[in-house]
There are 2 protein chains.
Amino acid sequence: MGEGAKPAHAAPQPAREEWRSISDLAQEFGVTARTLRFYEDEGLLRPVRRGTTRLYSRADRARLAWILRGRNVGFSLADIRELLDLYAPGPGRRTQLKAALAKSRERIAALEAQKADIEATIAELEQFCRRLEAEQARLAPGPAAAAGET
Amino acid sequence: MGEGAKPAHAAPQPAREEWRSISDLAQEFGVTARTLRFYEDEGLLRPVRRGTTRLYSRADRARLAWILRGRNVGFSLADIRELLDLYAPGPGRRTQLKAALAKSRERIAALEAQKADIEATIAELEQFCRRLEAEQARLAPGPAAAAGET
DNA sequence: CTTGACCTTTACGTGAGCGTCAATCCCCGA
DNA sequence: TCGGGGATTGACGCTCACGTAAAGGTCAAG
């Protein structure tokens, strides 16, 4: 360990924040800087600025991870924004609570269905793989070993 | 049973095929006719024609179900076409077998990852729901029962 | 001071996946 | 016979999620 020189009296803050530039963050998450700026325009991220330059905190990174997971499960960016907004400020009013609860449950139901579809697709692909393997085995030792295996 | 008049000497074919028009099929699967024509243009479906009119067989319906499931798990139409093409003609050559196997396994791996993301998202949403329910319970019986529950 | 590596904004381009006319055709029952 | 309802093929439009210049600011090293 011990990457680089540190000032002797270190660590006043409990969490060291470790800010990232946009290109660092992009590389870290396997996206482009364009994508991060786009997400900011869409209201999904709000990095702080030093001058005009964006700086991403740990919270921003966690948020980005959430966003990318949402994207990977098929959420639109609007969906993701809605869920993040839902998540963020514990909504005080009861009607809002009910609405948030309903939306969350809808999402959950849709995700369960999607999960079922994924499992079905995996099952079919695996069966297909087994068929291919059988075919492969049928071809290799079958025709009296025509081509040489050295 | 007994929908409509049938000729007396019925059922020579084992499978009755039950052809569908494009709008019937669309309604049955909850898509539009436009979508079905588009999928045909993209090489995903090949219904037979009576004159110029499309007629969809049971096989077409099964294929469509596969397509829609693929779409629902996030496959692009190009992905779906590739998988269907892979599926269809048992490719004879060993190199093709190996390639098909590799692609299938890649897909499976991606789907497993996606499934994990979905499960994680479901878990978070469920936890969020529990928080909302707790909040709800904290508001209802708390402030001396202001609004009446009859 | 210049160069180069970053950062910024603005803005137009792109591919996927359909939606939406428009014009035409064909068949079927009143 | 004449609508009317559904089928067809274009062809253009639109949204989403970015890609891709273009044109410029800033900072450190050489």
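Residue numbers start from 1 in every chain, and the chains themselves are labelled A, B, ... in the order their sequence lines are given, proteins ahead of strands.
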Distance check needed: [N] [atom2] versus [X] [atom1], whole Å only.
X: Glu82(B); N: dA16(C); atom1: CD; atom2: P; value: 14 Å
X: Asp41(A); N: dG19(D); atom1: CG; atom2: P; value: 14 Å
X: Arg49(B); N: dA7(D); atom1: CZ; atom2: P; value: 13 Å
X: Asp79(B); N: dA16(C); atom1: CG; atom2: C1'; value: 12 Å
X: Phe75(B); N: dA16(C); atom1: CZ; atom2: C1'; value: 16 Å
X: Leu77(A); N: dC18(D); atom1: CG; atom2: C1'; value: 9 Å
X: Arg54(A); N: dC7(C); atom1: CZ; atom2: C1'; value: 9 Å
X: Asp24(A); N: dC7(C); atom1: CG; atom2: P; value: 7 Å

Please determine whether a side-chain nitrogen of the Lys or Arg among [X] and [Y] lies less than 4.0 Å from a carboxylate oxygen of the Asp or Glu.
X: Glu42(A); Y: Arg37(A); value: no
X: Arg130(B); Y: Glu135(B); value: no
X: Glu28(A); Y: Arg20(A); value: yes

At under 4.0 Å, does any side-chain N or O of [X] touch on OP1 or OP2 of [N]?
X: Thr52(B); N: dC25(C); result: no
X: Ser23(B); N: dA7(D); result: yes
X: Arg71(B); N: dC18(C); result: yes

>> Against the six-membered ring of Phe75(B), is Arg107(B) placed for a cation-pi contact (under 6.0 Å from the centre, within 45° of the normal)?
In response: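 Satisfied, under 6.0 Å and within 45°.
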> Looking only at heavy atoms, which two atoms of Arg49(B) and Thr52(B) are closest? And how far apart?
Replying inline: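 Looking at all heavy atoms of both residues, the shortest contact is NH1-O, 2.9 Å.
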>> My understanding is that only one of Arg34(B), Arg71(B), Arg63(B), Arg81(B) makes a side-chain contact (heavy atoms from CB on, under 4.5 Å) with Tyr39(B); could you say which?
In response: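 Looking at Arg34(B), Arg71(B), Arg63(B), Arg81(B), the match for Tyr39(B) under the side-chain contact (heavy atoms from CB on, under 4.5 Å) is Arg71(B).
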>> I need the residues from residues 30-39 of chain A with at least one non-hydrogen atom less than 4.0 Å from DNA chain C; give them sorted by number, or say none.
In response: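 By residue number: Arg34(A), Arg37(A).
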>> Strictly distance-based, threshold 3.5 Å: is any side-chain N or O of Glu17(B) a donor or acceptor partner for the main-chain N or O of Arg58(B)?
In response: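 Between the backbone of Arg58(B) and the side chain of Glu17(B) there is a qualifying donor-acceptor contact (under 3.5 Å).
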>> Within the 4.0 Å heavy-atom criterion, would you say Arg50(A) contacts the bases, only the backbone, or no part of the nucleic acid?
In response: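 Contact class for Arg50(A): none.
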